[in-house]
Amino acid sequence: TKDSDAFLGRALVFTQYKDWDNALADLSKVIEMRSGDPKPAKRIPYFLGERGKVFFKKGDYENAVKDFSRAIELAPEEAIYYDYRAKAYE
């Protein structure tokens with residue numbers, strides 16, 4: 001949806017400015033908005049991965065691992081989420 005695209009765009013800008021709390025809020029909103037829509041279900045792992053990276057950068061490794069693990073459940077063929085999760089475990 002256009003609304004979720006706007007939240008995603010803003011979250012990515014917040015991430016560039018290292019405004020982790022606002023980035024997390026917007027990414028969580030995107031995930032919430034898109035979770036019920038079957039069409040963009042393939043994008044949910046991407047959104048989780050982005051939020052996981054923000055958790056990681058914020059030092060919240062536990063939530064980073066949760067998001068990367070969920071992304072792996074939804075898209076096990078995407079090796080990048082395994083890499084991110086391994087880094088969060090370090």
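We're numbering straight along the sequence, starting at 1. All values below were derived from every heavy atom in this structure, side-chain atoms included, with hydrogens, water molecules and symmetry-related copies excluded.
In plain terms, the two heavy atoms of D67 and G52 that are nearest each other are OD2-N, 3.6 Å. Between F56 and A64, the closest heavy-atom pair is N-CB, 3.8 Å. Taking all atoms of both residues into account, the shortest heavy-atom contact from A11 to D26 is CB-CB, 3.6 Å.
The same ILVMFWY cluster, assembled from side-chain heavy atoms under 4.5 Å apart, contains both L8 and I31. Hydrophobic clustering keeps Y82 apart from V65 (ILVMFWY residues linked when any side-chain heavy atoms are closer than 4.5 Å, directly or through intermediates). Connection of V13 to F47 is not established within any shared hydrophobic cluster, with ILVMFWY side chains joined at heavy-atom distances below 4.5 Å, either directly or through further cluster members. Y61 and W20 fall into different hydrophobic clusters, where Ile, Leu, Val, Met, Phe, Trp and Tyr are joined by side-chain heavy atoms under 4.5 Å apart, directly or via other members.
Under the side-chain contact (heavy atoms from CB on, under 4.5 Å) rule, F14 has a single partner from V54, L27, L24, N22, which is N22.
Within the 4.5 Å cutoff, the side chain of D5 has heavy atoms near those of the R34 side chain.
Atoms OH and CG, on Y81 and L48 in that order, are 8.0 Å from each other to the nearest 0.5 Å. Rounding to the nearest 0.5 Å gives a distance of 4.5 Å between CD of E62 and NZ of K66. Going from atom CZ of R70 over to atom CD of E73 covers 5.0 Å, rounded to the nearest 0.5 Å. The line from NZ of K87 to CG of D83 is 4.0 Å long, rounded to the nearest 0.5 Å. Taking CZ of F68 as the start and CZ of F55 as the end, the distance is 10.0 Å to the nearest 0.5 Å. One finds the CD1 atom of I80 at 13.0 Å from the CZ atom of R85 (value rounded to the nearest 0.5 Å).
When the side-chain contact (heavy atoms from CB on, under 4.5 Å) test is applied to S28, the partners found at least two apart in sequence or on another chain are R51.
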Chi angles and distances behind the side chain to side chain contact (heavy atoms under 4.5 Å, CB included) call for K58, N63 | CA-CA 10 Å; K58 191 176 177 185; N63 280 314; over 6 Å; no

Check the pair E50, K53 against salt bridge (charged side-chain N to carboxylate O under 4.0 Å, His left out), reporting the backbone distance first and the verdict last.
-> CA-CA 5 Å; E50 289 301 307; K53 288 191 289 186; 2.9 Å; yes

